[in-house]
Structures are given as C-alpha cells and as structure tokens.
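All remarks here apply to the structure that follows.
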Number of protein chains: 2
Amino acid sequence: MNFEEGKDRFIQAWGALGSNWGINRTMAQIHALLLISPQALSAEDIKDELKISSGNANMNLRALMDWNLVYKELKPGERKEYFVAEKDMWEVVKNIIIQRKKKELEPMLRVLDELSVVEGMEEQSDEFNKVIRDVKLFASKADSTLDSLTKSDSNWFVGTFMKMIK
Amino acid sequence: MNFEEGKDRFIQAWGALGSNWGINRTMAQIHALLLISPQALSAEDIKDELKISSGNANMNLRALMDWNLVYKELKPGERKEYFVAEKDMWEVVKNIIIQRKKKELEPMLRVLDELSVVEGMEEQSDEFNKVIRDVKLFASKADSTLDSLTKSDSNWFVGTFMKMIK
DNA sequence: ATCAACTTTCAGAAATTACTGAAATTACAA
DNA sequence: TTGTAATTTCAGTAATTTCTGAAAGTTGAT
C-alpha cells in the first residue's frame with residue numbers, strides 16, 4: 001500500500017472512531033493527520049489537506065487543545081502557528097477519560113446526590129431508592145477507579161495492568 | 001423530593017448520559033424507566049409514560065434487547081409483551097463495553113492490520129509506520145484487557161479491582 | 001378461518017449537530 | 001503606527017441522527 005492511500009484510510013478510520021468518543025469526525029481527523037505528520041502543521045496546511053474551512057479547522061484545533069490532544073508550536077520568526085499531536089497513546093486515552101469523566105460522570109454523581117431518598121408510594125419509591133443507591137455506589141467506584149487510572153503512567157498501563165488483570 | 005419529580009430527573013439524567021455512550025436518548029430513557037420500575041412494563045406503558053410513538057418505543061426496545069440491557073418477560077395468558085431492565089450495574093456496563101468493543105475497537109484493529117507497512121517517501125512513511133505500530137500495540141492491549149474485564153464478575157469489580165488499582 | 005390486539009417497518013418530518021463563508025478581531029514585521 | 005497576514009467568531013446552511021404516523025404484518029383466542 002502506498003503512503004497516500006494509507007494516510008487517507010487512517011484519517012478516515014480515526015475520524016470514525018473518534019465520533020464515538022465525544023470527538024467529532026473532523027476533530028479526530030485533524031488529530032489523525034497530525035499524528036502521522038513528522039512535522040508540525042499550520043492551520044492552513046490542515047484546512048488544505050482535509051478540505052475544510054478555516055473556521056472549522058480553527059474551532060476543532062482549539063477543541064483539541066482543550067482536550068490536550070494537540071499542542072501549539074511556535075516557530076521563531078514566523079507569524080503562523082503550528083500544531084503537533086500528542087502521540088503517546090496512553091496520554092491520548094487518559095486525556096479523553098479525564099474530559100469525559102468531567103463532562104459525564106461528575107454531573108451524574110451530582111444528580112444522584114440530589115435524588116437520594118425520594119418519598120412516595122411504598123413500592124415505587126423503595127425500588128427507586130434502591131436503584132439510586134446502587135447506581136451511586138457503582139458510579140463512585142468508577143469515579144475513583146478512573147482517578148487512579150489517569151494518575152498512573154503509560155508504562156504502568158502497558159506493563160503491569162495487563163498482567164494484573166489476566 | 002417526591003417520587004414523580006425524582007423519577008423525571010433520573011430519566012432525564014440517564015438519557016443524557018446514555019447519549020454519550022452509543023445509546024440514544026430515548027433508548028436510555030426507556031432503560032431508566034424500566035430500571036426504577038418494580039414491575040415489568042409493556043411497550044404501551046412505556047410509550048405513554050415517555051410520550052413517544054409506538055414505533056420509537058418498539059425500535060429502541062429492540063435495540064436495548066440487542067445490547068442485553070432489557071429483557072422480554074411474557075405473562076401467562078397475556079398477549080402483550082412486558083419488559084424488564086438489567087439492573088445489575090456491572091452487567092449494564094459490561095454489556096455496553098462488549099457492544100462498543102465489537103463496533104469500534106475490532107473494526108479499528110482490522111484497519112490497522114491492513115495499514116501495516118506503507119511505502120513511500122522515507123520521512124513520511126517512517127513516521128506513519130511508527131504511529132500505526134504504536135496504535136496497534138495499544139489497541140491490542142486494550143482489546144485483551146477489555147476481554148478479561150468483561151469475563152470477570154460483578155463482585156470482582158466491586159471488590160478487588162478497586163484495591164488493585166489503588 | 002376470522003378478527004382484533006399487538007408488534008414491526010419505514011418514508012418523510014423534525015430535531016440535533018457540524019460546517020461554511022464572510023466579517024471582525026488580533027498581532028506582529030516593517 | 002500601519003498594513004496585512006493570521007486567527008477567531010458566528011449566523012445561516014448543510015448533514016446527520018432520531019422520531020412520528022400510518023400502513024403492513026403477526027399472533028392467538030374465539
């Protein structure tokens with residue numbers, strides 16, 4: 001397979017994957033393009049390569065920087081901004097987990113707290129309170145597990161976690 | 001807080017959470033409704049409660065059954081079908097992981113295999129091949145880790161995993 | 001066999017999400 | 001400072017996803 005073909009297939013596949021992870025297609029494609037690029041690319045390079053508008057490129061680059069999946073790189077004497085991708089896969093996954101935990105798990109925990117102990121007809125509210133307790137217990141465990149996970153490093157994951165879990 | 005209010009808040013929150021997990025809002029709301037219901041509910045009950053069309057109720061119930069998040073329950077002498085939710089949170093998460101692994105990770109692994117060893121200009125294709133190798137290594141590890149995870153049981157997760165990871 | 005209750009399907013409509021293009025703003029080299 | 005290249009913003013449009021409503025299909029009691 002030649003390089004151009006492989007590149008397109010990878011960008012396409014990464015885009016599809018990303019859209020299931022709270023990262024929209026273009027955002028993931030930009031990340032993919034930067035991942036396989038040996039040099040930093042400018043917003044213009046990216047917009048040309050992916051055939052998107054500069055507005056779109058800009059918005060998604062900023063989102064990628066918010067997620068710590070892409071960094072700005074300034075070249076001395078150049079006005080243009082360049083971008084590089086986070087290439088350590090463990091860092092990538094870790095940062096996605098951090099973002100999603102913040103946007104999903106934490107709000108859910110807050111709601112569950114408010115829903116503690118509902119009153120009403122016996123049968124219904126008993127079942128309700130039981131479910132809320134279960135969900136809250138599970139969510140809290142998931143929360144602290146993910147905290148520990150995201151504090152551990154790449155080698156730990158690649159090396160130890162696998163053995164522990166097998 | 002009274003029961004009705006709590007119920008609505010929970011269905012709402014669960015719906016929002018689900019839509020980040022490959023489960024659309026209605027699908028997650030149906031699951032939430034069944035979760036907190038002490039009895040099995042019919043499609044009609046669900047459609048009335050959530051104010052959705054029967055087509056929508058039907059399609060999402062089938063999807064939930066495909067994911068093993070909801071089961072059919074037949075009552076003797078009754079023509080109508082009733083539904084109950086999987087209430088064990090570990091089972092719920094496990095089934096979601098199984099589905100998503102199948103729909104996301106496995107296709108990605110297949111693409112990565114096809115992309116092994118791309119030819120072209122030195123610098124570009126070297127970087128490309130390196131990234132593909134890294135991603136593939138990581139994805140394979142994730143794949144087998146998730147396999148192990150989904151084969152372990154609830155108590156194992158709730159009890160052991162936490163301690164191991166701390 | 002018939003019929004009504006129930007379930008499924010699916011084309012088009014509605015809702016949601018993402019993108020463009022153009023204008024506004026910023027920032028830096030001269 | 002000025003001029004201009006680069007970046008950002010955002011209203012309107014386009015694309016995608018989800019839902020409805022109505023029609024077709026199933027099923028089982030009579």
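All values below come from the heavy atoms of this structure, side chains included, with hydrogens, waters and symmetry mates left out. Per chain, numbering begins at 1; letters A, B, ... match sequence-line order.
- Pairs engaging residues 60-79 of chain B under the salt bridge (charged side-chain N to carboxylate O under 4.0 Å, His left out) rule: B:Lys72-B:Glu81 [sequence neighbours left out].
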Please enumerate all protein N or O atoms sitting under 3.5 Å from an N or O of nucleotides 21-23 of chain D, with distances to 0.1 Å.
none

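- Using a 4.0 Å cut-off between a side-chain N of Lys or Arg and a carboxylate O of Asp or Glu, B:Lys47 and B:Glu44 do not qualify as a salt bridge.
- At a cut-off of 3.5 Å, with distance as the only test, no side-chain donor of B:Asp143 or B:Ser140 sits close to an acceptor on the other residue.
- Among residues two or more places apart in sequence or in another chain, the side chain to side chain contact (heavy atoms under 4.5 Å, CB included) test is passed with B:Ser19 by none.
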Please tabulate, for side-chain N and O atoms in residues 25-38 of chain B, each donor-acceptor pair with protein atoms closer than 3.5 Å (sequence neighbours left out).
| unit_1 | atom_1 | unit_2 | atom_2 | d |
| --- | --- | --- | --- | --- |
| B:His31 | ND1 | B:Trp14 | NE1 | 3.0 |
| B:His31 | NE2 | B:Glu86 | O | 3.4 |
| B:Ser37 | OG | B:Gln39 | N | 3.4 |
| B:Ser37 | OG | B:Gln39 | O | 2.5 |

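- Side-chain contact annotation: A:Asp147 with A:Ser144, donor-acceptor N/O pair under 3.5 Å absent.
- By the side chain to side chain donor-acceptor pair (under 3.5 Å) test, A:Lys136 is found to be paired with A:Asp113, A:Ser116, residues two or more places apart in sequence or in another chain being considered.
- With a heavy-atom cut-off of 4.0 Å to chain A, the contacted part of DNA chain C has its first and last nucleotide at C:dA18 to C:dC28.
- Under a 4.5 Å side-chain heavy-atom cut-off, the cluster of Ile, Leu, Val, Met, Phe, Trp and Tyr residues that includes A:Val84 is completed by A:Tyr71.
- Residues from residues 71-86 of chain B lying near DNA chain C, meaning a heavy-atom separation below 4.0 Å, are B:Arg79, B:Lys80, B:Glu81 in numerical order.
- Applying the side chain to side chain contact (heavy atoms under 4.5 Å, CB included) rule to B:Asn20 yields the partners A:Arg100, A:Glu104; only residues at least two apart in sequence or on another chain are considered.
- For B:Asn95, there are no side chain to side chain donor-acceptor pair (under 3.5 Å) partners, not counting sequence neighbours.
- The hydrophobic cluster containing A:Met59, built from Ile/Leu/Val/Met/Phe/Trp/Tyr side-chain heavy atoms closer than 4.5 Å, comprises no other residue.
- Contacts between residues 10-34 of chain A and DNA chain C, counted as heavy-atom distances below 4.0 Å, involve A:Asn24, A:Thr26.
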Does the side-chain contact (heavy atoms from CB on, under 4.5 Å) test come out yes or no for B:Val92 and A:Phe138, once each step is laid out? CA-CA 11 Å; B:Val92 170; A:Phe138 190 86; over 6 Å; no
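- In this structure, CG of A:Asn58 is placed 10 Å from C1' of D:dA6, rounded to the nearest angstrom.
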